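Here the structure is laid out as structure tokens; the discussion comes afterwards.
Everything quoted here is computed from the prediction, not taken from an experiment. In what follows, every chain begins at residue 1, and chains take the letters A, B, ... in the order their sequences are listed.
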2 protein chains.
Amino acid sequence: MSGRVKEYLQAHNVHPSMQRIVIMNYLLNNRTHPTVDMIYNDISKSMPTLSRTTVYNTLKVLVNNNAVLQLDIDEKEAHYDGYTHVHAHFRCLNCGKIIDLSPKYLDKLITNEIDDLLITETQLYYKGYCSDCKDLGKIPNINNK
Amino acid sequence: MSGRVKEYLQAHNVHPSMQRIVIMNYLLNNRTHPTVDMIYNDISKSMPTLSRTTVYNTLKVLVNNNAVLQLDIDEKEAHYDGYTHVHAHFRCLNCGKIIDLSPKYLDKLITNEIDDLLITETQLYYKGYCSDCKDLGKIPNINNK
DNA sequence: CTTTGTGCAAATTCTTTGCACCAAA
DNA sequence: TTTGGTGCAAAGAATTTGCACAAAG
């Protein structure tokens, strides 16, 4: 079972340490878009030596290697998603819950209510390299960063 | 000229103080998606008594009243946009520049190159109120909060 | 007067850094 | 024995809070 996770990490050029396997496994099995603190609190119950720094370090490595998605939908703190395919997210401004939106909404702007959600705000962000930067070898290598 | 700004603020139920007019005017005339610090540094040249806290306060009021858009495209710090209609944004991961994308890209997922930009990442965020929260009078009133 | 906005300093929160220790190749 | 991962404590950066003063109606 965690053999699968180990392979997943290796496929993404991430050296599969104990901590990395546990954190990646957590993300694959908890599709709740957790924060660093949620991950840390949950995992340290069964792995009391784990440090917050390691959670930060690990998530950075995983994100840089496209094994995990970092969500900036919450201005306070980052959330993480083990499902890396492009998909839309919804965050409730009252309870904070973040959910995936069905792919059928991916290519359209949504206004008002859908699927029993009241949408009040839409943000569409693209990231990459602009014309000035993209040619100049300024694109970083993968591992670490 | 700043009479226009004053009217704009009033139309959004924001009491038009000197500082608010100056900050709103700055955002309407600087479509560079500035951060709090950029706004503070630029404006305090001509208004040395301005405080960073007031910039924070003012932006919060403006955002809450839909007079300004807050962008969370940069995980480090918030950027602000005086143009509030829904539109897509692109941020260069090398130089940090944020630009608006033509509306023609709004309703489609972009991969690879467009308009001389190399897109490596797409984030589609919706915010609002989930089914559990939307009926319960949990939607905050506009002014302040 | 009374309410609302401003601004300083201190506090909070999330994240990163420096460095020593450990483990695996 | 060298390289890379872990974890503690401290530092850093962005933002918020508490409170006193000022301004406007």
Among residues two or more places apart or on two chains, list those pairs meeting ring pair (Phe, Tyr, Trp, His ring centres under 6.0 Å) that have a residue in residues 49-85 of chain A.
-> A:Y83-A:H85, A:Y83-A:H87

Rounded distance (Å) that lies between atom C1' of D:dG5 and atom CD1 of A:I23 | 12 Å

Residues sharing B:M38's hydrophobic cluster, by side-chain heavy-atom contacts under 4.5 Å among ILVMFWY, directly or via others?
-> none

Under the salt bridge (charged side-chain N to carboxylate O under 4.0 Å, His left out) test, residues paired with B:E121 that sit two or more places apart = none

Would a hydrophobic clustering, with Ile, Leu, Val, Met, Phe, Trp and Tyr connected at side-chain separations under 4.5 Å, put B:Y40 with B:L71?
-> no

Take atom CG of A:L9 and atom P of D:dG4, then tell me their distance rounded to the nearest Å.
-> 18 Å

Roughly, in whole Å, what's the span from NE2 in B:H79 to P in D:dA13?
-> 16 Å

Which parts of nucleotides 6-25 of chain C does protein reach within less than 4.0 Å, heavy atoms only, written one letter per nucleotide 5' to 3' as B for base, S for sugar-phosphate only and - for none?
-> SBBB----SBBB--------

What is the distance from CG of A:L59 to P of D:dG7, rounded to the nearest Å?
-> 13 Å

Pairs in or reaching into residues 82-93 of chain B: which pass salt bridge (charged side-chain N to carboxylate O under 4.0 Å, His left out), with residues at least two apart or in two chains?
-> B:E75-B:R91

By side-chain hydrogen bond (donor to acceptor under 3.5 Å, both in side chains), A:T53 pairs with (sequence neighbours left out) none

Please report, rounded to the nearest Å, how far the C1' atom of D:dT6 is from the CD1 atom of A:I21.
-> 15 Å

